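In what follows, a structure is listed as structure tokens, so that the remarks can point back to it.
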Amino acid sequence: MKDESKKFARWRWEMVEKQIVSRGITDPLVLEAMRTVPRHLFVSEALVDSAHGDFPLPIGEGQTISQPYIIAEMTQNLELKGHERVLEIGTGSGYQAAVLAHIVYKVYTIERNNALFLQTRKRFDTLKYYNIVTRYSDGTQGWKQESPFDAIIVTAGGHQIPAPLIDQLSMGGRLIMPVGGTFSQELIRLEKTEDGLKTTNLGGCRFVKLIGQHGWDE
């Protein structure tokens with residue numbers, strides 16, 4: 001077991017150095033979190049040896065775990081310092097939430113697929129991620145009762161940023177989401193400022209569809 005643990009730690013270190021640092025990710029909090037979170041425990045047993053590859057992987061129910069670099073890029077662009085309350089839309093396997101949990105005060109994450117929701121909630125309990133709060137719901141409506149949030153991350157692509165999420169973002173807060181068509185999107189960073197909403201296009205990407213009242217139809 002100890003040898004296995006060392007093997008996965010080495011693979012994580014190589015993943016960060018070769019895929020993430022080499023592409024310009026510099027935030028020390030992001031790098032440390034991704035060296036720490038046991039990515040192999042967020043995929044099926046059959047895919048453990050592929051868990052650290054430079055590509056997305058299926059997690060069942062038609063969903064995927066994003067490639068490590070995309071997760072690092074999205075997380076870095078939230079500009080987290082450690083004290084934040086962050087909302088995640090699309091829990092999936094829970095890996096992105098776990099990375100966030102190593103950085104921030106509390107993570108609120110919503111999943112609309114019940115099977116994934118139950119699997120991942122159990123995974124968080126097993127791995128003792130006690131600062132992650134889960135909810136089974138339509139993520140496009142956000143989590144009004146717990147708002148406002150310092151940062152919001154959406155891990156599925158929609159044709160526009162849902163208005164409820166913008167409303168639930170605190171002043172000075174950052175939101176990042178893939179926006180575009182059903183097969184390809186642009187990664188958009190939105191910041192809520194006193195002068196209005198400031199958006200930045202971070203480049204092309206491809207995510208599964210954001211389904212819900214303020215997203216795509218199922």
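No hydrogens, no waters, no symmetry mates; every other heavy atom, side chains included, goes into these values. Source: prediction; values computed, not measured.
With hydrogens and angles ignored, the 3.5 Å screen pairs a side-chain donor or acceptor of Thr155 with a backbone N or O of Gly90. Remark: the backbone N or O of Gly157 is paired with a side-chain donor or acceptor of Trp216 at under 3.5 angstrom. Under the 3.5 Å distance criterion, the side-chain polar atoms of Glu111 are matched with a main-chain donor or acceptor of Asn113. For the pair Arg123 (side chain) and Leu41 (backbone), a donor-acceptor distance under 3.5 Å is present. Put simply, the side chain of Thr120 gets close to the backbone of Gly92: a donor and an acceptor are under 3.5 Å apart. Put simply, the side chain of Thr91 never gets that close to the backbone of Gly94: no donor and acceptor are under 3.5 Å apart.
Applying the salt bridge (Lys or Arg N to Asp or Glu O under 4.0 Å) rule to Arg112 yields the partners Glu218; only residues at least two apart in sequence or on another chain are considered. With sequence neighbours left out, Glu73 forms a salt bridge (Lys or Arg N to Asp or Glu O under 4.0 Å) with no residue at all. In terms of the salt bridge (Lys or Arg N to Asp or Glu O under 4.0 Å) criterion, residue partners of Glu146 (sequence neighbours excluded) are, by chain and number, Arg85. Legend: residues meeting side chain to side chain contact (heavy atoms under 4.5 Å, CB included) with Thr140, ordered by chain and number and at least two apart, are Asp138, Pro162, Leu210, Gln213, His214. The side chain to side chain contact (heavy atoms under 4.5 Å, CB included) test applied to Asp27 returns Leu29, Val30, Gln76, not counting sequence neighbours. The side chain to side chain contact (heavy atoms under 4.5 Å, CB included) search around Lys122 returns Thr126, not counting sequence neighbours. Applying the side chain to side chain contact (heavy atoms under 4.5 Å, CB included) rule to Lys144 yields the partners Ser147, Gln168; only residues at least two apart in sequence or on another chain are considered. With sequence neighbours excluded, the residues that form a salt bridge (Lys or Arg N to Asp or Glu O under 4.0 Å) with Asp54 are Arg23.
Leu202 and Met177 are assigned to two separate hydrophobic clusters, defined by single-linkage of ILVMFWY side chains at heavy-atom distances under 4.5 Å. The hydrophobic clustering, which links ILVMFWY residues whose side-chain heavy atoms are closer than 4.5 Å, places Leu116 and Val154 apart. Under a hydrophobic-cluster definition in which Ile, Leu, Val, Met, Phe, Trp and Tyr are linked whenever side-chain heavy atoms come within less than 4.5 Å, directly or via other members, Ile132 and Ile89 are assigned to different clusters. Tracing side-chain contacts under 4.5 Å through hydrophobic residues (I, L, V, M, F, W, Y), one never reaches Val208 starting from Ile161; they form parts of separate clusters. A single hydrophobic cluster is seen to contain both Met15 and Val99, as judged by linkage of ILVMFWY side chains at heavy-atom distances under 4.5 Å, directly or through other members.
Applying the salt bridge (charged side-chain N to carboxylate O under 4.0 Å, His left out) definition to pairs two or more places apart or across chains, none involves residues 192-202. Here side chain to side chain donor-acceptor pair (under 3.5 Å) pairs that include residues 172-189, with residues two or more places apart or in two chains, are Glu79-Arg189, Glu186-Asn201. Here ring-ring contact (aromatic ring centres under 6.0 Å, His included) pairs that include residues 163-202, with residues two or more places apart or in two chains, number zero. Sequence neighbours left out, the pairs with a member in residues 85-121 that pass ring-ring contact (aromatic ring centres under 6.0 Å, His included) are Phe42-Tyr95, His102-Tyr129, Tyr108-Trp143, Tyr108-Phe149, Phe117-Tyr136.
For the pair Val21/Leu31, a side-chain contact is recorded, criterion being any heavy-atom separation below 4.5 Å from C-beta on.
Taking a 6.0 Å sphere around CZ of Arg35, one finds it holds more than 12 heavy atoms contributed by other residues, nucleotides or ligands. Crowding of Gln145 atom CD: a count of heavy atoms from other residues, nucleotides or ligands under 6.0 Å exceeding 12. Within a 6.0 Å radius of CG in Asp217, no more than 12 heavy atoms belonging to other residues, nucleotides or ligands are found.
The two residues Leu187 and Cys205 have their closest heavy-atom pair at N-SG, 3.7 Å. The shortest heavy-atom contact between Val37 and Arg12 is O-CD, 3.0 Å. Closest approach of Met34 to Ala72, counting heavy atoms only: SD-CB, 3.5 Å. Nearest heavy atoms, Ser66 versus Phe207: OG-CE2, 3.5 Å. Between Gly53 and Pro68, the closest heavy-atom pair is O-CD, 3.3 Å. Of all heavy-atom pairs spanning His159 and Val179, the tightest one is O-CG1, 3.6 Å.
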Requested in this report: Please assess Ile152 against Leu190 for the test side chain to side chain contact (heavy atoms under 4.5 Å, CB included), listing each intermediate value before the final yes or no.
Outcome: CA-CA 10 Å; Ile152 299 176; Leu190 179 149; over 6 Å; no
Requested in this report: Might you work through the side chain to side chain contact (heavy atoms under 4.5 Å, CB included) test for Ile65 and Val43, ending with a clear yes or no?
Outcome: CA-CA 8 Å; Ile65 178 174; Val43 301; 4.1 Å; yes
Requested in this report: Determine, step by step, whether Thr75 and Gln96 satisfy the side chain to side chain contact (heavy atoms under 4.5 Å, CB included) criterion, reporting the C-alpha distance in whole Å, the side-chain angles of both residues, the deciding distance to 0.1 Å, and the verdict.
Outcome: CA-CA 8 Å; Thr75 307; Gln96 173 71 79; 3.0 Å; yes
Report task. Tell me, with the steps shown, if Arg206 and Thr64 meet side chain to side chain contact (heavy atoms under 4.5 Å, CB included). Result -> CA-CA 11 Å; Arg206 184 173 182 179; Thr64 60; over 6 Å; no
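For the side chain to side chain contact (heavy atoms under 4.5 Å, CB included) test with Leu78, the passing option among Leu175, Ile103, Leu100, Val104 is Leu100; the others fail.
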